[in-house]
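No experiment lies behind these values; they were computed from the predicted model shown. Both counts, for ligands and for their atoms, begin at 1 and track the order of listing. In what follows, residues are counted from 1 in the order of the sequence shown.
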Amino acid sequence: MTDQHGTIESHPLRHGEEAETYPPRPEFRAQANVNDSSVYWRAAEDPEAYWADQARRLKWSKPFTEILDWSNPPFAKWFADGELNVAANCLDRHVAAGLGDRVAIHFEGEPGDTRTLTYAELTHEVKRAANMLTSLGVTAGDRVAIYMPMIPETVIAMLAVARLGAAHSVVFGGFSAESLRARIDDARAELVITADGGYRKGRASALKPTVDDALALETGGEPSVQRVLVVERTKNEVAMVPGRDLWWHEEITAFDGDHEPQGFPAENPLFILYTSGTTGKPKGILHTSGGYLTQVSTTHRNVFDLKPETDVYWCTADIGWVTGHSYVVYGPLANGATQVIYEGTPDTPDWGRWWSIVQKYGVTILYTAPTAIRACMKVGRQVPEQYDLSSIRVLGSVGEPINPEAWRWYREIIGAGSAPIVDTWWQTETGAIMISPLPGLTSLKPGSAQVPHPGIDVNVVDEAGNRVDRGQGGLLTIRRPWPSMVRTIWGDDQRFIDTYWAKFGDQYFAGDGARVDEDGDVWLLGRVDDVMNVSGHRLSTAEIESALVEHHAVAESAVIGAHDETTGQAVVAFVILKSQQTLLAPDDAEQALKQHVASQIGAIARPRQIFVVSELPKTRSGKIMRRLLKDVAEGKEVGDTTTLADTAVMQTISARMREGTR
Ligand code: WTA
């Protein structure tokens with residue numbers, strides 16, 4: 001990993017751990033969707049031909065003749081002269097193929113209510129919703145913000161927007177009014193689709209009031225939003241603004257299920273998804289249609305070995321994150337999969353909930369995050385052992401490196417000691433899985449994401465962009481454009497260039513450290529920038545720091561991601577209070593500032609700890625040395641302090657931390 005001086009630390013894993021491998025069982029290999037390893041070299045020889053073949057599995061209303069246009073790097077175009085309708089590829093196509101009666105979604109609400117939607121029913125609902133959105137003025141090229149719980153209408157809303165050639169911007173329901181408003185404004189969305197609320201942790205938690213707050217914020221500009229469409233979920237009372245707010249269930253009654261899908265160019269925007277970067281302002285990652293759908297469907301089929309006729313697939317990610325976009329909505333539905341969508345948290349009413357869902361629906365493929373696996377490990381194997389999990393045949397992991405201990409537990413306890421685990425590395429920006437095993441081919445190594453998907457060209461380089469030797473740590477880059485790559489940062493091409501391409505010119509810089517071992521397997525080493533990974537969610541140190549200094553009592557702040565047993569990393573903040581301030585007693589500061597961050601950004605960003613300090617460690621040029629703060633927060637020996645302007649600072653902070661954690 002690099003610190004701010006750009007040096008690369010050695011790899012943290014113990015030697016010998018790589019020796020542990022799990023080859024695919026012969027029975028699994030025999031039935032696998034991909035079991036001929038020649039796919040790797042064939043795709044490497046002609047990646048464009050590989051992706052074009054994959055793209056032809058979709059239904060194009062106008063077939064493409066161009067594959068990749070890289071004439072204006074880093075702005076890629078894939079299949080640019082082709083036209084398709086993304087929603088029709090996820091819906092109408094399957095119904096037309098006679099699969100209308102296949103279950104698309106088994107929905108399980110947290111309170112225990114259930115709904116089943118076949119492909120025919122889901123198609124019907126999306127068509128009606130598309131007609132309703134048309135009546136509200138949504139047309140191709142518009143942006144629609146979606147702020148919803150995990151319910152079928154969220155999927156319906158996304159697909160209805162896509163069907164019209166408009167772009168959605170889904171904002172995770174845990175984000176605050178401020179965060180929601182910033183995203184609405186950046187995309188200039190004219191419609192917000194929300195719900196009265198959703199169920200989480202045994203309670204109905206409200207969403208609509210946050211939309212109201214977001215739209216009422218004084219930001220100096222008029223909100224772009226004209227209409228708010230509200231889905232009824234919890235039946236909590238909500239205030240409806242006349243002329244602006246409409247109930248989904250009332251409006252929809254006027255519309256039938258006739259709707260002809262129109263083809264849109266492959267590069268038509270499909271969605272914007274905001275993600276944290278190294279500055280305070282979230283980046284609107286733009287994904288387009290044809291290339292994105294190609295890669296999410298291909299990877300979903302190959303990596304999870306999906307058999308749409310028989311599998312019951314379940315990805316536990318919230319639709320508000322990219323994993324929910326690519327592997328709850330677009331990948332599975334493009335492949336005609338049957339899937340489970342669960343609204344709530346894994347511990348409601350108790351920690352058996354997930355396993356009861358696996359048993360009830362006969363889940364065969366489970367895709368979740370290491371942080372969830374570690375939380376289940378903590379509770380103990382006796383919980384999942386009470387359920388019949390024998391239907392499971394493939395397990396997936398995403399969001400952060402899965403530590404070998406969690407990997408073994410996942411395989412043993414959830415996968416009956418035999419299910420392959422696919423550890424999938426990718427990002428909001430990559431749109432789809434980039435590095436992972438293929439379960440019928442790869443000998444699995446706990447802790448490594450292993451091999452680039454066929455047609456993907458990753459590299460590990462030094463600071464100068466030169467490939468490092470096997471066994472050496474370096475920076476992960478991607479050399480060739482891939483179909484589902486981010487097209488730009490919404491409204492900010494220059495930031496797109498600066499963030500991902502300026503460092504190496506012709507290689508996409510992912511922001512992750514990595515190492516390739518002697519067998520050619522990739523080990524991810526974590527972020528090398530100021531992006532934290534808390535429970536598999538990306539948070540920016542700069543964004544939380546700027547939220548803290550916006551508080552009237554705070555003069556300065558520094559935020560770091562400290563190692564955490566369960567969540568991978570946890571947010572730890574160091575703040576200097578204004579000397580003149582009288583509003584906040586230092587003793588109350590911790591609680592008040594935690595709450596402040598939660599209300600500014602969202603509960604996911606709430607710091608685990610806040611320490612009030614009198615100084616921050618800075619270099620002579622005034623740069624905060626977060627690396628040293630990370631050392632103290634993790635209880636480690638504090639690293640080299642010789643470049644500090646005031647070397648005594650770290651002793652004061654260490655002493656303050658010891659007081660604070662007593
Ligand atoms: C990290 C989530 C190691 C990585 C899909 C990346 C991983 C960031 C893995 C993207 C993995 C994700 N092994 N690290 N299997 N998967 N990451 O945009 O640091 O929310 O850059 O996308 O998560 O997070 P994002």
Side-chain angles (χ1 to χ4, degrees), residues 1-2 11-13 170 172 174-175 271-278 282-287 295-296 299-300 303 315-328 330-331 367-373 395-404 406-407 410 421-437 442 444-453 458 460 473 475-478 484-486 489 499-500 508-515 521-541 561 567-569 604-605:
M1 280 163 265
T2 66
H11 185 257
L13 274 175
V170 181
F172 173 60
F175 277 116
F271 65 84
I272 304 168
L273 185 57
Y274 288 84
T275 187
S276 297
T278 54
K283 301 176 285 197
I285 301 299
L286 177 70
H287 282 289
Q295 195 174 331
V296 293
T299 50
H300 183 254
V303 173
C315 169
T316 64
D318 192 282
I319 290 179
W321 307 106
V322 73
T323 308
H325 283 59
S326 301
Y327 298 103
V328 177
Y330 293 108
Y367 190 28
T368 191
T371 183
I373 299 164
L395 294 170
S397 171
V398 61
E400 58 175 307
I402 175 165
N403 49 309
W407 195 101
Y410 196 27
I421 297 177
V422 288
D423 175 2
T424 62
W425 179 89
W426 58 293
Q427 308 176 295
T428 305
E429 293 87 342
T430 70
I433 294 169
M434 300 293 277
I435 306 176
S436 87
T442 316
L444 304 171
K445 276 184 195 169
S448 168
Q450 301 199 276
V451 273
H453 193 274
V458 306
V460 178
L475 304 172
L476 186 71
T477 64
I478 304 165
S484 63
M485 72 191 272
V486 46
I489 291 175
T499 308
Y500 305 109
Y508 165 90
F509 173 48
D512 280 35
R515 180 182 65 106
D521 287 316
V522 181
W523 297 73
L524 277 309
L525 306 178
R527 299 290 303 194
V528 298
D529 51 16
D530 291 330
V531 172
M532 297 170 286
N533 188 328
V534 178
S535 298
H537 298 151
R538 270 165 76 167
L539 294 171
S540 144
T541 55
T567 59
Q569 286 190 323
I604 42 164

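Nearest-heavy-atom check against atom 18 (O) of ligand 1 across N533, T428, I433, V422 picks out T428.
Looking only at distances, a side-chain donor or acceptor of T541 sits under 3.5 Å from a matching main-chain atom of D530. Side-chain N or O atoms of S326 include one that pairs as donor or acceptor with a backbone N or O of G431 at under 3.5 Å. Although no hydrogens or angles enter the test, the distance criterion places no donor-acceptor pair under 3.5 Å between the side chain of Y327 and the main chain of A432. Checking side-chain atoms of H325 against main-chain N and O of G320 turns up no donor-acceptor pair under 3.5 Å. The main-chain N or O of T430 is found under 3.5 Å from a side-chain atom of S484 such that the two form a donor-acceptor pair.
Looking from atom 4 (C) of ligand 1 to the surrounding protein, the closest heavy atom is D512 OD2, 2.8 Å. Atom 3 (C) of ligand 1 has P401 N, 3.1 Å as its closest protein atom, hydrogens excluded (heavy atom only). In terms of protein heavy-atom proximity, atom 20 (O) of ligand 1 is nearest to R538 CD, 3.5 Å.
The atoms of ligand 1 that sit less than 4.0 Å from any heavy atom of V322 are 5 (C), 22 (O). Here is the list of ligand 1 atoms found below 4.0 Å of a heavy atom in L524: 3 (C). Set against the non-hydrogen atoms of G399, the atoms of ligand 1 under 4.0 Å away are 1 (C), 7 (C), 9 (C), 12 (C), 16 (N), 17 (N), 23 (O). Below 4.0 Å from some heavy atom of T424 lie the following atoms of ligand 1, by number and element: 9 (C), 11 (C), 15 (N), 16 (N).
Smallest separation of non-hydrogen atoms from G513 and V528: N-CG1, 3.5 Å. Considering all non-hydrogen atoms of both residues, D423 and P437 come closest at O-CD, 3.4 Å.
Residue T275 places no N or O, backbone or side chain, under 3.5 Å from any N or O of ligand 1. Residue-to-ligand polar distances keep T323 apart from ligand 1: every N/O pair is separated by 3.5 Å or more.
If you look at E400 next to ligand 1, the close heavy atoms, those under 4.0 Å, all belong to the backbone.
Not a single heavy atom of W321 sits less than 4.0 Å from an atom of ligand 1.
Residue H453 is tested with V303, I435, I433 for a side chain to side chain contact (heavy atoms under 4.5 Å, CB included); the sole match is V303.
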